[in-house]
Every structure is written in structure tokens, then in C-alpha cells.
Engineer: 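Mind looking over this structure? Questions follow.
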Amino acid sequence: MQFFGGSEISPSPPAPTAAGNNGNMIYVFNRNGVCLLYREWNRPLRTLNAQQDHKLMFGLLFSLKSLTAKMDPTSVDKGNLGVPQLPGQGCSFHSFRTNTYKLSFMESPSGIKIILVTHPRTGDLREALKFIYNLYVEYVMKNPLYTPGTPIRFKLQIA
């Protein structure tokens, strides 16, 4: 696939590395934009504080979701650009890629948004995002000690 004046990027995943770690960051947001979980593994340059980073990421998702719904060629009702949509409403996107990273996104019917930022040559992560969501449901939402809408706290290592 060739982008405007860019280099060639193969849509196929790269050969597995020795470490096998292509993940850079994970975000989990609730429907109100509260960041429930944020972890990073490989982020050498930090330019923002965590709260600004979370706001920008949620704003990016909101804007992309709104834009894709507005551009949807199959929908007669285009709605207004920037108006919030219900989960599953309109045309949705699953990922986008730049020359330095790939952002993969999934939104559940309840409005939980899971974002993985990985190496740009990482393949389709929709199944991995569904697996992460199932873990969220099993170990967070079904936990009687968890208060919905609060950040997820745990002592386990995410490798």
C-alpha cells in the first residue's frame, strides 16, 4: 500500500521478533472518556503529561469515529460532524497506520474503547482486542470489589 509521497508499507505482519513484543501502549476508556487503564512498554519520547495524552487520544478517537460516519457512502443519514454517536452506529474504523506506529481500536456495545498502539507492520489485531475485552469483562467488571468508572488497579505484570 502506498501513501501520498510515502514509502511502501506492507499490510502483512512482520516476521516475529525474538522478543515478540510489538506493543507500545494500551488505553482503555469508558464511554465518558475516562481512562480506566493506560500502560506503555516502548515509548522513548514523552512530550505530554498523562492527562493531556489521554485527552488527545480520546479526542482523536471521537473525531475519527465522527469523520468515518460522515463519510460513510452506505448511510443516507449523515448526521452532523462532531455529534456523539452510539456504539455500533455509523461506519466504524478498526485501525490506521503511520510510518512510526499502528493504532488499533475496538469499541464494545457498552462504550468501552480499547486502543493498542503497536509497530506499523503489525497485522490485524481485532481478535486480540476482543480477547482483551473478554479479559476486562471477566476480571474487572465481574469483580465485586471494582467500582465502575474508576481506574483499573492491579499488581500483575503485563508482559
Engineer: Is any side-chain heavy atom of Met106 closer than 4.5 Å to a side-chain heavy atom of Arg126?
Structural biologist: no

Engineer: Do Leu103 and Leu116 come within less than 4.5 Å of each other through their side chains, counting heavy atoms only?
Structural biologist: no

Engineer: Has the side chain of Arg97 got a donor or acceptor atom that lies under 3.5 Å from a matching backbone atom of Pro120?
Structural biologist: yes

Engineer: Tell me if a side-chain donor or acceptor on Lys113 pairs with a main-chain N or O of Leu61 at a distance below 3.5 Å.
Structural biologist: no

Engineer: Is a salt bridge present between Arg31 and Glu107, judged by a nitrogen-to-oxygen distance below 4.0 Å?
Structural biologist: no

Engineer: Compare all side-chain heavy atoms of Asn24 with those of Thr118 and state whether any distance is below 4.5 angstrom.
Structural biologist: no

Engineer: Apply the test side chain to side chain contact (heavy atoms under 4.5 Å, CB included) to residues Ile26 and Ile115: give CA-CA distance (whole Å), side-chain angles for both, the deciding distance (0.1 Å), then the verdict.
Structural biologist: CA-CA 6 Å; Ile26 183 171; Ile115 302 99; over 6 Å; no

Engineer: Quick check, are the ring centers of His54 and Tyr38 under 6.0 angstrom apart?
Structural biologist: yes

Engineer: Looking at Asn32 and Val34, would you say the former's side chain and the latter's main chain have a donor-acceptor pair under 3.5 Å?
Structural biologist: no

Engineer: Any non-hydrogen side-chain atom of Leu129 less than 4.5 Å from a side-chain atom of Ser104?
Structural biologist: yes

Engineer: Any heavy-atom pair between the side chains of Ile114 and Phe29 that's under 4.5 Å?
Structural biologist: no

Engineer: Does Arg39 reach the main-chain N or O of Tyr27 with its side chain, forming a donor-acceptor pair under 3.5 Å?
Structural biologist: no

Engineer: Flag yes if more than 12 heavy atoms outside Phe96 fall under 6.0 Å of its CZ atom; otherwise flag no.
Structural biologist: yes

Engineer: Using side-chain heavy atoms (C-beta onward) and a distance below 4.5 Å, is Leu125 in contact with Phe105?
Structural biologist: no

Engineer: A side-chain contact here means heavy atoms from C-beta on lying under 4.5 Å apart; do Phe58 and Asp53 qualify?
Structural biologist: no

Engineer: So, does Thr147 use its side chain to make a donor-acceptor pair with the main chain of Thr150 at under 3.5 Å?
Structural biologist: no

Engineer: Using atom types as modelled and distance alone, determine if a side-chain donor or acceptor of Lys102 lies under 3.5 Å from a backbone N or O of His119.
Structural biologist: no

